Novice: 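The structure that follows is given in the form of structure tokens.
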Number of protein chains: 2
Amino acid sequence: MIDPRLQVLRVVAARGTVTAAAHDLSYTPSAVSHQLRGLARDLGVTLLEPDGRGVRLTAAARVLLERADELYARWEEIHAEVAEADPEAAGAVRLCGFSTAAAALLPSVAARVRAAHPRSTVRIIEADPTECFELLLAEQADLAVVVAVPGLPSTTDPRFEQESVLDDPLDLLVPTDHPLATRSSVLLREAADESWILDRPGSPFHQLTQTACATAGFSPFVAHEAAEWETGAALVDAGLGVGLVPRLARLPGGYRITRVPLRGDPTPARHIRSSIRRGSRRQPALATALTALAEAARRSSAPGRTDWQI
Amino acid sequence: MIDPRLQVLRVVAARGTVTAAAHDLSYTPSAVSHQLRGLARDLGVTLLEPDGRGVRLTAAARVLLERADELYARWEEIHAEVAEADPEAAGAVRLCGFSTAAAALLPSVAARVRAAHPRSTVRIIEADPTECFELLLAEQADLAVVVAVPGLPSTTDPRFEQESVLDDPLDLLVPTDHPLATRSSVLLREAADESWILDRPGSPFHQLTQTACATAGFSPFVAHEAAEWETGAALVDAGLGVGLVPRLARLPGGYRITRVPLRGDPTPARHIRSSIRRGSRRQPALATALTALAEAARRSSAPGRTDWQI
DNA sequence: GTTGACCGTGCAATACTTCTGCATGATTGA
DNA sequence: TCAATCATGCAGAAGTATTGCACGGTCAAC
């Protein structure tokens, strides 16, 4: 609705070079260059200046980007009001989230939205946190459920409205015959000397585990890398090490493994938060989704839950 | 910058039918229909409903249009701020106005803008008041100077910022040997029984003359119709009738005609006002143009001016 | 200093989106 | 009942954006 070339300019600003931005946007550098040239011509200002072998944004371009956020938010509000005014609004809601959220939280949200808005279409997209924000900005998703990891847009970013959904506590995953397996809870540093099974480097959960261990005062010895929970479970079952799993993650059955809740101050946990484009909150179907998400989170973290051992 | 389909929707709303809107926009009805269908799809709402053999805007569409004005104004503000941030901004200013304004006011405005912003390009477009507003909306003009005639957008229209520029008093144009020619001023109704030379019906000045005469309590006998001041002057010179000319209008020399200032309460005059897209006031070159326009108006209406007899 | 890698831009060919022209179905008023 | 008017869908045409490639410029390492 708003000129998409602004988005291109923003990516150039974020990445620093036309070529990198083009790569991110799946365009050629030539197309990006051409688009920004046209935008600058339409605006009657210079947006980019040569700077070494790259480009530098002019003051005008920075002003443009800064104020554009407000324009986007305003448009989202209008869009929401328009949807409110149409009782028959199709109200397509596209939810995106990282794998655990996609599996544990989003299905019930989708069901709730479908029930409340029979004519709406709901779509779930599984994606990394970073990717989720890109999907939001590209208007390919309307609600993102992400794990807080370094490098994400700040909670005060004017482009988004973010709120806390749930603190998902971490459990230590050990073989059933491990000394710690019988404990009702452990401190993370009690496992400091174990061999560790982590996610692949660069993945959100790898980073999260490293951070948790660092907070607990040690650096884990990484014996193996597993991309999927199932693989990790199998490795722990085989006695090759221990790992961390978030409470929300369901593990496949059939392994001789045990989850031991972690304690500590703070309790090791991953912080899950929701994000929408600023201004879109009033969108009826999206409002339902947010409510449903909060409730799903409440159910998930309710005390007395006994099904997380699986 | 904002999705141009909103503009299409607005014209459909104004004209009532897709076909009429298409005609106004120089499109085919098919294209308009297709565009609005796409807009509705992107928004997830119904915008048009069949109504008889035409269409009716839904509540959602009306909300959309109402709020869109604000979005446009916001964008203009941003555009202005961006231009302010670029000292080298090209700052193209396109001025439009009806013939008299184009001749009497706009050249000095253009000169002033060019002097203040050497890199800017100024362009003057002569157009009817109605057309001027269309040019503004289509972003083909940035400042319009129009005569207040019925049917124009109201001064509170959220799409524009309008301000009074000048009250251009009307003079009675008579042959030099006419009994009223020696008077220093006359009341309009003193010419009630004359034969009148008016502009073509439908033109702004025709309407203005009719309104002035109606206010003075009579309905003029229209003997001839002249589209150009020059023609009118020739007809008056030939003794075929009298007419009204605004003070600002320059008449060609060589005719034996006399202008007699009108008095009355209020003094018959045409109200000239400026109009810009709401939010664009801060655009540097445009701000200069507005200042220059006000000054040109002040000069034009300064008492003691002696050059208007021509 | 020179070489090689990298970057942004311009140009012609191409892929895509949008518009047109016409046919169809529906509605209104004579 | 008939003719006029209107919105819409579809296939082809017009226009716009994108690609692929070549060029000139900049930086860093040797």
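Note that the structure is a prediction, hence the values are computed from the model and not measured. Basis for what follows: all heavy atoms, side chains included, without hydrogens, waters or symmetry-related copies. Chain naming here is simple, since letters A, B, ... match the order of the sequence lines and numbering starts at 1 in each.
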Novice: Would the distance check show the side chain of A:Ser154 and the main-chain N or O of A:Thr156 forming a donor-acceptor pair, the cut-off being under 3.5 Å?
Specialist: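 Yes.
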Novice: Contact list please: residues 10-27 of chain A against DNA chain C, heavy atoms, distance less than 4.0 Å, in numerical order.
Specialist: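 Correct list: A:Thr17, A:Val18, A:Thr19.
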Novice: Between A:Arg278 and A:Glu76 (salt bridge meaning N to carboxylate O under 4.0 Å), is one present in this structure?
Specialist: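 Salt bridge: no.
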Novice: Please check: side-chain N/O of B:Asp86 versus main-chain N/O of A:Thr46, any donor-acceptor pairing under 3.5 Å?
Specialist: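 Here the side-chain-to-backbone pair exists.
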Novice: In residues 28-40 of chain B, which ones come under 4.0 Å of DNA chain D, going by heavy atoms?
Specialist: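 Close to the strand are B:Pro29, B:Ser30, B:Ser33, B:Arg37.
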Novice: Send over the distance from B:Leu48 CG to D:dG9 P, rounded to a whole Å.
Specialist: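 Checked: the CG to P distance equals 12 Å.
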Novice: Please determine whether the number of non-hydrogen atoms from other residues, nucleotides or ligands lying under 6.0 Å from atom CZ of A:Arg10 exceeds 12.
Specialist: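 Correct, the count exceeds 12.
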Novice: Apply the test salt bridge (charged side-chain N to carboxylate O under 4.0 Å, His left out) to residues B:Arg282 and B:Glu77: give CA-CA distance (whole Å), side-chain angles for both, the deciding distance (0.1 Å), then the verdict.
Specialist: CA-CA 7 Å; B:Arg282 283 179 61 184; B:Glu77 287 176 23; over 6 Å; no
Novice: Side chains of B:Thr288 and B:His117 only: does a donor on one sit below 3.5 Å from an acceptor on the other?
Specialist: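 Their side chains do contain a donor-acceptor pair, which is all the 3.5 Å distance test asks for.
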Novice: Rounding to an integer number of Å, can you tell me how far B:Arg56 CZ sits from D:dA7 P?
Specialist: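 It works out to 13 Å between those atoms.
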Novice: Examine the side chains of B:Gln162 and B:Arg273 and answer whether a donor and an acceptor come within less than 3.5 Å of each other.
Specialist: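 Present: a donor and an acceptor within the cut-off.
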Novice: Please state how far atom CG in B:Asp42 lies from atom P in C:dT17, giving the value in whole angstrom units.
Specialist: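 In whole Å, C:dT17 P lies 13 Å from B:Asp42 CG.
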Novice: In this structure, are over 12 heavy atoms from other groups packed under 6.0 Å from B:His23 atom NE2?
Specialist: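 Count not over threshold, so no.
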Novice: What is the distance from atom NE2 of A:His79 to atom CD of A:Glu84, rounded to the nearest 0.5 Å?
Specialist: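 Here the interatomic distance stands at 11.0 Å.
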Novice: May I ask you to check whether over 12 heavy atoms, not counting those of B:Arg123, lie within 6.0 Å of atom CZ?
Specialist: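 No, CZ of B:Arg123 has 12 or fewer neighbouring heavy atoms, counting only those of other groups under 6.0 Å.
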Novice: Between the protein and nucleotides 22-30 of chain D, list every N/O to N/O distance that falls short of 3.5 Å.
Specialist:
none

